[in-house]
Amino acid sequence: MIKIDTSIYRVKLFQKGYSRQKCDKCGSYFWSLKKRDNCGDAPCTIYTFFNIPIKRRYTYREVHRLFLDFFRRNGHEVVEPRPVVARWREDLYLTIASIVVFQPHVTSGITPPPANPLVIAQPCIRLEDIDNVGMTFGRHLTNFVMGGHHAFNYPDKFIYWTDETVDYAKRFFVEEIGVPEDELTFKESWWEGGGNAGPCFEVSVGGLELATLVFMMYRVEDGRYSEIPIKIVDTGYGIERIAWLTQKTPTAFHAVYGSLVTEFHRILNIPEPPEDMLRVAAIFSAMLRPGEESDIDELFRLVANELGTSFKEVKELIKPAIDVYALLDHTKTIALMLSDGIVPSNSGEGYLARLVIRRTLRRLHRLASIDLLPELIMRQISYWHDMYPQLYKAKDRILDMINIELEKYRDVIRKISTVATKFSRRAPSLDDLILLYDSQGIPPDLLKDELEKRYGIVVKVPMNFYSIVASKHSRPRVLKETEKTRLPQDIVAWASSFPETRRLFHEDAYIRRFTAKVLGVNENFIILDATAFYPEGGGQLGDKGYLEINGRRIHVVDTQKVGNVIVHVLESPLSKEVEGQKVVGEVDWSIRYKRMRHHTATHIVLGAIRRVLGDHVWQAGAEKSEEKARLDVTHYKMPSEDEIEKIERLANTIVDNAIPVRIHYLPRNEAEKIYGFALYQGGVPMYPIIRVVEIPEWDAEACFGTHVRNTSEVGAIKIINVEKIADGIIRFEFVASTSIPSYVRKLEAELNSIAKQLNTDRFTVRNKLSSLLNSMNELREILRSYRAYFIDQALKEISHNAIDIEGLKLAIYIPYVRDRETYREVLRRATLRDPKLVLILLTQEDRHTYFEISLGSEAVKVLNAKDIITAAISAGIALRGGGKPDHVSGITELDIEHFSDALKKLIISKLRKQN
RNA sequence: GGGCCGGUAGCUCAGCCUGGAAGAGCGCUCGGUUGGCAUCCGAGAGGUCCCGGGUUCAAAUCCCGGCCGGUCCA
């Protein structure tokens, strides 16, 4: 934070009897009508709001309405809330605050706000404090509605600033909610987030922070602060907390979830704690410091003291109730995330959904049964259907996804029992536990329970286990993939100094030949004042073709863009002298036209997939080349053959219907209003005006690419491959138009070459193959009997040739078939049959002799095969090898005859020495 | 996006650290035992140790690259 002029906190309201005071506990400065010891915010105080008289009780929904109405009456336009998945942001997955709705386009000045000033009640999801939810009786939640009134002050247009903002807060709380004014405290503070910062007030009543009033006025870059031209009033009112304040229920969960609290208790078969106990606990819960888990026991102790009961009784009643509160919160968050189109996955935003689901299942598993999850979610869906109609609409899909996640979790539970047997003797170390959680998702507490139950083994799981795990992971930036250029750094810098290139391909996608002026040349990169060459973007590759300069023809091998400047990549460097001259360019039309058709085909296919699989389908990546198109989408399971066929058929219907493709330019706010955020399938453009490519009543996307005029030009669409590339992401590959024959030709060529290898034609290849397989099986049978016969003969030969030496038998075996599997079998059987046998196998290989020596079980007692090798080496024989006492193998430079003689001598002398 | 774990018989997995003749249980086939319910005994079939390179006399095992699955973190 930077040193700021604290006079910004001296707003007009405070002249009416407020005084600036310092908190005894945290040392912060705050403003209040009344003299106080502390800042009035948890954890500096316990909750006293239960004793503050408030005009009346308001339900959660009433507070919601009251908030919007108050600011509407005071000149703010009500703006519709957005999904909890931040589709319009490249750098954030979830909507974590109301201001997120206006970042970065409005806050950076690219787009005007939809209204100014405005008010919004934005559902938000924040997962940072997920472990504290429940424990703090509702101070922490993973989902909440942030009421925000915002004003954007431009240098030439001032709306309002600190005085009015603080005054609105006072009036809302005092006049609308009915809080006695002397109970309000305004704490001076500092806010930072999302690259912006500014001073703020935290508004509290009786220990409960109800609103934050931020005056966003700095940009933060590398720790440096600079003032921004747009000064933004960014406020956040906690609708849940305000409802809690007026209702004075023991917890915020009672105020928000009403009858669901009792329902959840009943379904989970967990008794509700007596209200007086709960209330005492709630009052002290203000002092809980999140993250300090020992605090929770301290809380139970305080409550037990206050009520004169035992610690044990308090803990046994309150602890399970805390779990119920967490489940109330988590199940609603899950429903919201899934209904807004998140698909659970092991990476990307889908992981965030899985994270909440896994935490919920872990708790359910410990408390009751994971099978209850679908029912709990269903209760949330029906309880909230008035505020969130999308929940009910997505009901079937939500349950489908939940059931898939349940099945995955059951796998984990099954794994626990397998893993537990590994630790039947030895308790797992901390490292073991971390490895198991990290790599297999096995929660340590569940393994601990299993081991204690089954083997009585005591396992210690440290309190801060999960933070130990988290600290083991590196943390790269939270950025989604941003558009990257394939140009060298210095070329990017060079190119950005040029004016915007006129985009002829947008004026008319069918322009192939054009005239333009050369603005700049740098080695083999060239920039023109206008071009019909499409630069890579939106998954469509950069154009190829050629430029004619002074009668010379130079190939363009690629086209890229740097901001609004288009850079042509030439095959060879060009002299700077051509700058200022006229050139004629021609786009390689055969490639470009195929790409255009694949691009339009991609929009058609996406529309078809969304209709067949559902609205949760979102583009996760795409590439369009001349030979095929690739489209990755979010979906929770592999589509069936049926669904794929349906998609293909539907897509081709759109082609056959010959629908004109419309392209229009719309201001961002208007485009979003008409088409929704589904516009941003391929990414979010950073422009005030959006280029919308629309296939009427089928698909509309913000898109930079070139498209055909009419869907019929796509010709036809053939899906050629569908695969799961990550959990929750399905890849579709398809070909369109005149690329289909080349695809078919490739298939034919493949089939023909197979047929040719099988010495047949492609129509009889199947028969040929099955007859080949048959004869292979027959041969295998015949081979088996030959091997048996061969082994039998070899065994006879060996026992016939074996000579007696010093109480053992020695045989040399030189197989005349090169079949390792067979002569290994000979070695094994021979030594098994005759325990006194020492069997030497020798074969001649390219440049050396390969040998194996096998000993029977009796022979091993007097002779070690490894010793034979060492003895041979010390006798000067060049050989390399090794093995076990009863079997060695190796190679030698000696030929078979000399080597076998030498070995024989060595073995005999060795045995003699021993006797 | 990054880290970690795994891929061996139809299934569940051991073996890998420390290289040396591919294993167990279940299932399957056959024979016996048993009135039946996960009966018992014996015999047998079943393998691209994920794929491709490398190191080595020798690779399921060690090294490199890839594919597939899982999982954690952002």
Side-chain angles (χ1 to χ4, degrees), chain A residues 90-94 127-128 130 344-352 354-355 357-359 362 405 407-412 414-419 421-422 431-444 465-482 484 620-621 638 723-729 777 780-781 784 820-832 839 841-843 845-856 860 864-866 869 872-873 877-894 899:
Chain A
E90 302 275 4
D91 57 344
L92 205 61
Y93 290 127
L94 298 172
L127 302 179
E128 283 130 69
I130 187 167
S345 164
N346 55 2
S347 64
E349 77 254 25
Y351 177 72
L352 299 179
R354 177 163 292 166
L355 176 89
I357 295 173
R358 283 281 159 104
R359 292 287 162 98
R362 225 179 276 159
E405 291 301 306
E407 202 37 59
K408 280 180 181 286
Y409 192 76
R410 287 193 190 103
D411 284 343
V412 171
R414 274 191 281 270
K415 250 190 290 186
I416 290 175
S417 133
T418 320
V419 168
T421 46
K422 256 190 221 168
D431 281 347
D432 290 329
L433 292 177
I434 290 174
L435 184 68
L436 285 170
Y437 179 68
D438 226 12
S439 63
Q440 306 200 52
I442 293 176
F465 180 81
Y466 292 103
S467 47
I468 296 175
V469 172
S471 68
K472 280 174 68 80
H473 293 271
S474 62
R475 280 163 208 231
R477 278 181 308 165
V478 201
L479 286 178
K480 284 186 195 171
E481 198 180 337
T482 46
K484 43 189 180 231
M638 188 69 187
E723 61 183 334
K724 205 173 116 179
I725 57 163
D727 204 11
I729 298 179
N777 282 333
R780 200 183 265 169
E781 277 307 307
R784 206 194 304 276
R820 203 176 168 127
E821 199 178 317
T822 304
Y823 61 66
R824 281 243 157 125
E825 186 67 17
V826 169
L827 285 171
R828 216 173 317 180
R829 295 261 289 272
T831 49
L832 204 65
L839 181 55
L841 169 131
L842 297 162
T843 62
E845 305 211 331
D846 295 342
R847 285 201 302 277
H848 48 246
T849 303
Y850 176 82
F851 68 88
E852 291 194 33
I853 305 171
S854 243
L855 305 188
V860 169
N864 186 332
K866 291 179 85 168
I869 292 210
I873 291 169
I877 299 172
L879 81 89
R880 309 169 90 168
K884 306 182 299 177
D886 63 340
H887 180 261
V888 290
S889 62
I891 55 161
T892 173
E893 302 303 321
L894 293 184
F899 186 58

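Proteins get letters first, then strands, A, B, ... in listed order; numbering begins at 1 in each. Since the model is a prediction, treat every value here as computed from it, not as a measurement.
Nearest nucleotide to the Lys724(A) side chain, out of G69(B), A74(B), C72(B): G69(B). The side chain of Leu435(A) has C5(B) as its nearest neighbour among C5(B), U71(B), C57(B).
The nucleotide G23(B) finds its pairing partner in C13(B), both defining distances of the Watson-Crick or G-U wobble pair being shorter than 3.5 Å. With a cut-off of 3.5 Å on both pairing distances, the Watson-Crick or G-U wobble partner of C62(B) is G54(B). With a cut-off of 3.5 Å on both pairing distances, the Watson-Crick or G-U wobble partner of C4(B) is G70(B). With both pairing distances under 3.5 Å, G44(B) is matched to C28(B) as a Watson-Crick or G-U wobble pair.
Only the P atoms considered, A43(B) is 41 Å distant from G53(B), to the nearest whole Å. Going from the C1' atom of C41(B) to that of U34(B) covers 11 Å, rounded to whole Å. Nucleotides A60(B) and G19(B), compared at atom C1', are 10 Å apart to the nearest Å. Comparing G15(B) with G3(B), their P atoms sit 27 Å apart, to the nearest whole Å. As rounded to the nearest Å, G54(B) and U12(B) have C1' atoms that lie 33 Å from one another. Comparing the C1' positions of A21(B) and C49(B) gives a spacing of 15 Å, expressed to the nearest Å. Between the P atoms of G20(B) and C63(B), the separation comes to 15 Å (whole Å). Taking the C1' atom of each, G7(B) and C13(B) are spaced 12 Å apart, rounded to whole Å.
In this entry the distance linking CG of Asp411(A) with P of U12(B) reads 10 Å, nearest Å. Rounded to an integer number of Å, the gap from CG of Asp438(A) to P of C4(B) is 10 Å. Atom OH in Tyr437(A) sits roughly 19 Å away from atom P in G6(B) (whole-Å rounding). As a whole-Å value, the separation of Asp431(A) CG from C4(B) P is 15 Å. Residue Leu879(A) contributes atom CG, which lies 14 Å from atom P of A58(B) at whole-angstrom precision. Distance Asp727(A) CG to G1(B) C1': 16 Å, rounded to the nearest Å. Separating the CD1 atom of Ile357(A) from the C1' atom of U71(B) is a distance of 15 Å, rounded to the nearest angstrom. A straight line from CG of Asn346(A) to P of C5(B) spans 17 Å, rounded to a whole angstrom.
Remark: Glu407(A) engages Arg410(A), Arg414(A) in a side-chain hydrogen bond (donor to acceptor under 3.5 Å, both in side chains) (not counting sequence neighbours). Residues passing the side chain to side chain contact (heavy atoms under 4.5 Å, CB included) test with Ile873(A) are Ile869(A), Leu879(A), sequence neighbours excluded. Every residue two or more places apart in sequence or in another chain that forms a side-chain hydrogen bond (donor to acceptor under 3.5 Å, both in side chains) with Tyr850(A) is listed here: Arg820(A), Glu852(A). In this structure, Arg828(A) has no side-chain hydrogen bond (donor to acceptor under 3.5 Å, both in side chains) partners at least two apart in sequence or on a different chain. Qualifying side-chain hydrogen bond (donor to acceptor under 3.5 Å, both in side chains) partners for Asp886(A), counting only residues two or more places apart in sequence or in other chains: none.
For C72(B), neither phosphate oxygen OP1 nor OP2 lies less than 4.0 angstrom from any side-chain nitrogen or oxygen of Arg354(A).
The residue Leu436(A) sits apart from the nucleic acid: no heavy atom pair falls under 4.0 Å. Among the heavy atoms of the strands, none lies under 4.0 Å from Arg829(A). Within 4.0 Å (heavy atoms only), Arg362(A) reaches no atom of the nucleic acid at all.
Between atom OG1 of residue Thr843(A) and atom NE2 of residue His848(A) there is a gap of 8.0 Å, rounded to the nearest 0.5 Å.
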What pairs of nitrogen or oxygen atoms, one from the protein and one from nucleotides 13-23 of chain B, lie under 3.5 Å apart?
residue	atom	partner	partner atom	Å
G20(B)	N1	Gly882(A)	O	3.3
G20(B)	N2	Gly882(A)	O	3.3
G20(B)	N2	Ser889(A)	OG	2.9
A21(B)	OP2	Lys884(A)	NZ	2.5
A21(B)	N6	Ser854(A)	OG	2.7
A21(B)	N1	Ser854(A)	OG	2.8

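Smallest separation of non-hydrogen atoms from Ala878(A) and Thr892(A): O-OG1, 2.8 Å. The two atoms that bring Val412(A) and Gly441(A) nearest to each other are CG1-O, 3.5 Å, heavy atoms only.
Below 30°, between 30° and 60°, or above 60°: for Phe465(A) and Tyr437(A) the angle between ring planes is above 60°, a perpendicular geometry.
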